[in-house]
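Here is the structure we will look at, set down as structure tokens.
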Amino acid sequence: MTTASVHELGLAELAAALERGKISSVAATGAVLDAIDASQDGLNAFRIVRREQALIEAAEADRRLAAGERAPLLGVPIAVKDDTDIAGSPTAFGCGGEFPDKTEDAESVRRLRAAGAVIVGKTNTCELGQLPFTSGNAFGHTRNPWSAEHTPGGSSGGSAAAVAAGLVPAALGSDGAGSVRIPSAWNNLVGIKPQRGRISTWPLPEAFYGLTVNGPLARTVADAALLLDVAAGPHAGDLHTPQPIRASDAVGRDPGKLRIALSLRTPFTAIKTALDREVEARVHDTANTLRGLGHEVTVADVHYGVLLGATFLPRSMVGIRDALNRLPGAQVDPRTRSNAVTGRVLGPALFAARRAEPLLRMRIGRFFDNYDLVLAPTTATPPPGVHEIDDIGSWATDQLITSSCPYTWPWNVLGWPAVNVPSGFTDAGLPVGSQLMGPANSEPLLISVAAQLESELHWHKHRPTPWWNRPAA
């Protein structure tokens with residue numbers, strides 16, 4: 001096996017090649033690091049590249065492999081988002097400034113290392129994960145592998161760009177209002193937002209008052225499920241500890257004939273939203289594929305109500321305030337400062353917002369008395385231009401965010417799982433996606449249906465034409 005072929009392999013394929021001795025971890029990791037370096041001026045997916053450390057870890061993985069040791073990802077190079085602590089590296093979370101190196105790994109990173117993974121670096125994210133764009137004064141603009149002029153989405157845009165470009169076979173991101181699902185949709189990837197607590201957010205007992213969870217991005221359902229399995233598990237300090245699942249066991253499992261609600265109605269927002277016609281058509285195509293697989297798909301909207309949004313805002317804005325307070329000296333955009341001020345104002349509403357969550361789960365949960373899962377657009381539009389978020393005011397920013405991405409945030413309030421599945425491309429060649437959404441702890445069902453779709457649609461065979469080794473326009 002040549003190092004050039006490393007970028008064609010998925011997570012499980014590369015793990016198997018390493019186990020069989022077809023390639024060494026040093027060679028595979030070196031090829032990944034070289035590809036990252038070559039892409040960085042154009043794609044700009046990484047905030048931190050751990051070349052020296054990763055090669056040392058890869059050499060140790062080779063020693064362990066030669067000794068007959070086995071682990072699910074032993075020697076496999078992957079990436080994590082720069083909101084996740086790695087010992088020996090700072091966690092800037094998209095902000096400018098100088099920050100101390102962390103002294104301990106986050107629990108999710110500890111588990112990835114225990115599975116043998118080699119962490120090659122930390123991927124770019126917008127300031128404190130607030131936007132469906134990945135850009136900021138601290139690092140510039142991360143671009144979409146499918147189109148240099150468009151955003152990869154956010155806030156896990158660096159992770160999505162790195163996977164879609166084949167720099168790494170999979171990456172970990174986080175999702176507080178769609179931040180795994182949105183960039184997955186705009187990069188032709190599978191992105192899993194797991195049940196709250198499935199992957200630990202430690203050293204935080206919970207992130208953004210329960211809105212944010214960690215989740216995998218990969219080209220295939222099987223690879224996303226594998227990464228979920230190795231990263232999942234609690235820390236003793238976690239506030240949320242769902243019963244364990246085996247996500248990989250659901251890949252290829254027949255879910256039976258399901259009742260699926262096709263919900264195109266957007267949740268209530270104060271800003272006018274409209275579903276792009278091409279996105280709507282691609283979601284209907286996905287619904288028709290599900291019908292062809294034997295499922296009953298019925299147009300039926302989830303009625304979220306006004307209260308759901310009212311509970312989201314305090315948790316989000318107070319979470320931004322808290323995250324900024326954990327980064328003393330951070331250099332951030334005025335819009336971030338404004339949101340942190342809003343967080344201080346909304347602090348008194350936080351208690352009521354958390355108290356309302358069980359009632360919301362009970363009310364919306366009744367929808368699943370009649371349906372097994374929901375199919376909805378992941379975004380309302382294809383990916384916007386990479387510079388559309390630049391130098392606009394707070395209100396214009398809110399309008400842009402809400403008009404393009406109104407569909408994902410309710411499942412963060414509820415804490416339930418959802419999976420983005422690629423749904424094809426616009427006439428301009430831009431990827432779009434649909435999300436499968438289920439009730440509590442329904443990842444196995446969602447994954448089994450996503451795998452069914454993949455077996456029909458073969459989205460993983462579609463790769464972007466590399467442009468990122470050239471300087472960005």
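Note that the structure is predicted; figures quoted are calculated from it, not measured. Atoms considered below: every heavy atom in the structure, side chains included; atoms not considered: hydrogens, waters and symmetry mates.
- Under the 30°/60° scheme for interplanar angles, the aromatic rings of H458 and H460 are found to be tilted.
- Looking only at atom types and distance, the side chain of T125 has no donor-acceptor partner in the side chain of D83 under 3.5 Å away.
- Side-chain atoms of T426 come within 3.5 Å of backbone atoms of A428 as a donor-acceptor pair (strictly under, hydrogens ignored).
- No donor-acceptor pair under 3.5 Å is formed between the side chain of R47 and the backbone N or O of G158.
- A donor-acceptor pair under 3.5 Å is formed between the side chain of S39 and the backbone N or O of I36.
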Next item on the list: Evaluate the side-chain hydrogen bond (donor to acceptor under 3.5 Å, both in side chains) criterion for residues T142 and T134: first the C-alpha distance (whole Å), next the side-chain angles of each, then the deciding distance (0.1 Å), finally the verdict.
Entry: CA-CA 6 Å; T142 300; T134 298; 5.4 Å; no

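- Taking CH2 of W186 as the start and CG of L430 as the end, the distance is 10.0 Å to the nearest 0.5 Å.
- A pairwise comparison of heavy atoms in L172 and A231 identifies CD1-CB, 4.4 Å as the closest pair.
- With a 4.5 Å cut-off on side-chain heavy atoms, L360 and L414 count as touching.
- Side chains of P464 and W146 form a contact here, defined as non-hydrogen atoms less than 4.5 Å apart.
- Residues L373 and P439 fail the side-chain proximity criterion, which asks for heavy atoms closer than 4.5 Å.
- Looking at heavy atoms from C-beta onward, P377 lies in side-chain contact with L275 at the 4.5 angstrom threshold.
- Classified by interplanar angle (parallel below 30°, tilted 30° to 60°, perpendicular above 60°), the ring pair H462/F425 is perpendicular.
- Looking at E206 and R354, a side-chain N of the basic residue comes within less than 4.0 Å of a carboxylate O on the acidic one, giving a salt bridge.
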Note to self: Between I78 and L11, does the side-chain contact (heavy atoms from CB on, under 4.5 Å) criterion hold? Intermediate values first, please.
What the structure shows: CA-CA 9 Å; I78 65 169; L11 192 67; 3.7 Å; yes

Next item on the list: Show your reasoning for whether salt bridge (Lys or Arg N to Asp or Glu O under 4.0 Å) applies to K122 and D82.
Entry: CA-CA 5 Å; K122 305 184 76 175; D82 192 29; 2.9 Å; yes

Margin query: Before you tell me yes or no, could you show the steps for T379 and S404 under side-chain contact (heavy atoms from CB on, under 4.5 Å), namely the whole-Å CA-CA distance, both residues' side-chain angles and the distance that decides it to 0.1 Å?
Written below: CA-CA 6 Å; T379 68; S404 59; over 6 Å; no

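- Between Q195 and A440, the shortest heavy-atom contact is OE1-CA, 3.4 Å.
- For the residue pair T273 / S403, no side-chain donor-acceptor distance below 3.5 Å is found, with atom types taken as modelled.
- Residues V49 and V120 form no side-chain contact, since every pair of their non-hydrogen atoms from C-beta on lies 4.5 Å or further apart.
- S174 and K81 form a side-chain donor-acceptor contact under 3.5 Å, judged by distance and modelled atom types alone.
- More than 12 heavy atoms of other residues, nucleotides or ligands shown are found within 6.0 angstrom of CG on N370.
- In terms of modelled atom types and a separation under 3.5 Å, the side chain of R291 and the main chain of E296 share no donor-acceptor contact.
- Looking at R143 and W468, their side chains never come closer than 4.5 Å, going by heavy atoms from C-beta outward.
- Looking only at distances, a side-chain donor or acceptor of D301 sits under 3.5 Å from a matching main-chain atom of R265.
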Margin query: Pair D390, H141 - check side-chain hydrogen bond (donor to acceptor under 3.5 Å, both in side chains), show working.
Written below: CA-CA 10 Å; D390 295 355; H141 296 78; 2.9 Å; yes

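- The existence of a salt bridge linking R366 and D369 is excluded, since no basic side-chain nitrogen approaches an acidic carboxylate oxygen closer than 4.0 Å.
- Checked by atom type and distance alone, the side chain of N214 never pairs as donor or acceptor with a backbone atom of S108 at under 3.5 Å.
- A side-chain donor from one of N339 and Q130 sits under 3.5 Å from a side-chain acceptor of the other.
- Annotation: the span from I182 atom CD1 to D175 atom CG amounts to 7.5 Å, rounded to 0.5 Å.
- Contact check on E357 versus R196 returns a salt bridge, with a Lys/Arg side-chain nitrogen under 4.0 Å from an Asp/Glu carboxylate oxygen.
- Here the side chain of S455 pairs a donor or acceptor atom with the backbone of Q452 at under 3.5 angstrom.
- Contact record, D85 with P203: OD2-CG, 3.5 Å, taken as the closest heavy-atom pair.
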Margin query: Set out, in order, the CA-CA distance, both residues' side-chain angles and the distance that settles side-chain hydrogen bond (donor to acceptor under 3.5 Å, both in side chains) for R198 and H240, then state yes or no.
Written below: CA-CA 8 Å; R198 181 75 61 208; H240 309 284; over 6 Å; no

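- Taking CG of L327 as the start and OG1 of T91 as the end, the distance is 8.5 Å to the nearest 0.5 Å.
- D333 and N137 share no side-chain donor-acceptor pair at under 3.5 Å.
- Taken to the nearest 0.5 Å, the CG atom of L324 stands 10.0 Å off from the CZ atom of R326.
- Using a distance-only test at 3.5 Å, with no hydrogens or angles considered, no donor-acceptor pair links the side chain of R111 to the main chain of V230.
- Between P183 and P152, the closest side-chain pair of non-hydrogen atoms is not below 4.5 Å.
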Margin query: Before you tell me yes or no, could you show the steps for T381 and D276 under side-chain hydrogen bond (donor to acceptor under 3.5 Å, both in side chains), namely the whole-Å CA-CA distance, both residues' side-chain angles and the distance that decides it to 0.1 Å?
Written below: CA-CA 5 Å; T381 69; D276 178 270; over 6 Å; no

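- Put simply, the side chain of N187 never gets that close to the backbone of L189: no donor and acceptor are under 3.5 Å apart.
- Between A274 and A380, the shortest heavy-atom distance links the atoms O-CB, 3.7 Å.
- Nearest heavy-atom pair, F208 versus L128, reported as atom, atom and distance to 0.1 Å: CZ-O, 3.7 Å.
- Under a 3.5 Å cut-off, the side chain of S263 and the backbone N or O of V302 do form a donor-acceptor pair.
- Separating the CD1 atom in I86 from the OG1 atom in T84 is a distance of 7.5 Å, to the nearest 0.5 Å.
- At a threshold of 4.5 Å between non-hydrogen side-chain atoms, the residues T378 and T408 count as touching.
- Salt bridge absent: R335 and E127 never bring a charged side-chain N and a carboxylate O closer than 4.0 Å.
- Ring geometry, W411 versus W416: the interplanar angle exceeds 60°, so the pair is classed perpendicular (tilted spans 30 to 60°).
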